[in-house]
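Note on naming: letters A, B, ... go to the chains in the order of the sequence lines (proteins, then strands), and numbering restarts at 1 for each one.
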There are 2 protein chains.
Amino acid sequence: MIDNYLLEELVTFSKYGTLAATAEELMVTQPTVTRGMQKLEDDLNVKIFDRQPNRISLTKTGILAAKEAQRVLDQNQNFIDTVQAYEASHTTIRVGSVAPGPIIMLHSLDDIPDNAVINDNLLKQDTVIEDLENRSFAAILTNQEIMTDSIESRFIGSEHLSVNLDKFTYLANKNSVKFEELKGMSFIVINDIGIWKQIIQDNIPDAKFLYQEQYEAFTEITKYSSFPYFSTNVSKASNHLPTQNDDRVKIPISDDASTMDFYISYLKTQKSQVTQLIDSMTQAWKQ
Amino acid sequence: MIDNYLLEELVTFSKYGTLAATAEELMVTQPTVTRGMQKLEDDLNVKIFDRQPNRISLTKTGILAAKEAQRVLDQNQNFIDTVQAYEASHTTIRVGSVAPGPIIMLHSLDDIPDNAVINDNLLKQDTVIEDLENRSFAAILTNQEIMTDSIESRFIGSEHLSVNLDKFTYLANKNSVKFEELKGMSFIVINDIGIWKQIIQDNIPDAKFLYQEQYEAFTEITKYSSFPYFSTNVSKASNHLPTQNDDRVKIPISDDASTMDFYISYLKTQKSQVTQLIDSMTQAWKQ
DNA sequence: AACAATTACGGAATCCGTAAAAATT
DNA sequence: AATTTTTACGGATTCCGTAATTGTT
């Protein structure tokens, strides 16, 4: 058996032509590569290099060897990929979120990895790290990057908050509004909106929020009243919100606080189990 | 990249079922295999074993991994074989001999490796080791095994000496003769018969040997005289000896000295270059 | 009690980097 | 002078074996 690091040096050499360039590419020193190629020849017991004092090149056999070495490395990499992919598709992973947006997005995906189990109850922000480390969840959708020794995050997409106003109110003609302009109004709000709850309460002065536990109550009231309600670019995809017979106009809110970036956070050691999920979500969010 | 020794341990484990048996098969200790499989899981970042205090077994993913690991090892071995075979078939190897028999045998082969160059001038016995070590010859056919640090030998076959006697002499009716019985006779002998020259001179008392430099002279004289001459099971295959119009009878010589074992000797480091030649010769000598 | 797996620890082998040398362009 | 390869030496990492531990059959 020939060690992989020797094959890697050979393949790299065949691409770059000198031991010096090979060493630089592999981020080792020249003597390391010199010794490696000497050892490779010794292990194979075949002369694969023509050597001159300051020039070295592959023999015909060496060229063949480099080509074959690439196949061995490919096979090894394929081994890793195959085993990890098999494991990933046969391990159910629990996915949680601190906000409803990403959850709605998840449910709307056509290609959710079939091993993903989505938890619809929103998680509290301050237990995220704990939930990941004790493996309660394999991945959690968060509104902050988490970068610790064991956890990392990847950006998924942004959610933008809008307010849906009766089309006869004066604000309904604007291209965007500020939280400040909504001062003192009363809003119909779905109770379980996670992170957003705090944001609207903190940013709209003197407002009243008529929280509804049930979606049905929410839709009924919006339909037969003119209370404004909130939606986002993501929630719009949901069928929970009224779309027909709605006399309201959707106006984006322009404050910074109305835009929220979402990340998927997971244990570094579990990365291979969640890559498929990451890919699906980043892809879907773009649309 | 996953190190090959880990893959080898995995494949062996999947065959033998316990770490203990795996360790024994691979001629290492149990802790080595334990650590190896821990490292493999760690490198792959996939759980491939179910562990109990006293028992360990492969998960479904582990079974797949073992199967795939075998392919990686096969590919690696194939790499070695391919490179060595290519080198062997593109490197001319010089083949020498200390006796004519094996040379005649070599020339009669239909499938001499086409990279073999046969030297028809016989070599002296006492320079064989030197000739191999300074690479003057890649392989030499010898009548003795050579086993040094750098050289090894493989048995090829035996050559048996016979004497061809005029059918009217009284010895011609025997099934075999001894050297002693040939005492005082005169023989026609090809001059360049290597090792055999010494043997007939040493073993036949008071004999006269009429050495002939040229094959033509030898065949002419045998044809038009009744001098006995020597042949062997190997030389018979040669067209240098008369076969038609020969009034002589071939009688085997029964002394031990009339049987000579031949070996092919080569540098251990060159083994892969001469294996094809070895196979061809041992195969051919059987017939 | 016997067996299988694991952990702890010390030694051995391997691999790597720094420094220096040799030879070419 | 600058570049490339190679050798020599010392240090660091990795890998292994012995001995001891844990837990099961």
I want to check one thing: is the phosphate of D:dG17, taken as OP1 and OP2, less than 4.0 Å away from some side-chain N or O of B:Thr29? yes
Please state how far atom CD in B:Gln52 lies from atom C1' in C:dC3, giving the value in whole angstrom units. 15 Å
Any side-chain heavy atom of A:Ser265 sitting closer than 4.5 Å to one from A:Glu152? no
Could you tell me whether the phosphate oxygens of C:dT7, OP1 or OP2, come under 4.0 Å of any side-chain nitrogen or oxygen in B:Gln38? yes
Strictly under 6.0 Å, is that where the ring centroids of B:Tyr266 and B:Phe137 end up? no
In terms of side-chain geometry, is the basic nitrogen of B:Lys39 or B:Glu9 positioned less than 4.0 Å from the acidic oxygen of its partner? no
Please report, rounded to the nearest Å, how far the P atom of C:dA4 is from the OH atom of B:Tyr16. 15 Å
Can you check whether B:Thr18 has a side-chain N or O nearer than 4.0 Å to OP1 or OP2 of C:dA4? no
Would you kindly give the NZ-to-C1' distance between B:Lys39 and D:dC16, to the nearest whole Å? 14 Å
Any A:Arg55 side-chain nitrogen or oxygen under 4.0 Å from OP1 or OP2 of D:dT5: no
From CG of A:Leu58 over to C1' of D:dT5, roughly how many Å is that when rounded to an integer? 15 Å
Is B:Val33 touching bases, backbone alone, or none of the nucleic acid, heavy atoms closer than 4.0 Å? nothing
Separation of B:Asn54 atom CG from C:dC3 atom P, in whole Å? 12 Å
Please report the distance, rounded to the nearest Å, between CD in A:Gln30 and C1' in C:dA19. 13 Å
OP1 or OP2 of C:dA5 sitting under 4.0 Å from any side-chain N/O of B:Thr34? no
Round to the nearest Å and state the distance from A:Leu19 atom CG to C:dG17 atom C1'. 16 Å
Taking the side chain as every heavy atom from C-beta outward, state whether A:Gln38 and A:Asp42 have any atom pair closer than 4.5 Å. no
5'-most by nearest nucleotide on DNA chain C - A:Gly36 or B:Pro31: B:Pro31
Whole-Å distance, A:Glu24 CD to D:dT3 C1', equals 13 Å
Once the angle between the rings of B:Trp285 and B:Phe262 is folded into 0 to 90°, is it parallel (under 30°), tilted (30 to 60°) or perpendicular (over 60°)? tilted
Considering only side-chain heavy atoms of B:Tyr5, which listed nucleotide, C:dA4, C:dA5, D:dC15, is closest? D:dC15
With sugar-phosphate meaning primed atoms plus P, OP1 and OP2, does A:Arg35 contact a base, only sugar-phosphate, or nothing at under 4.0 Å between heavy atoms? base
Closest-nucleotide 5' rank along DNA chain C - winner of A:Asp3 and A:Pro53: A:Asp3
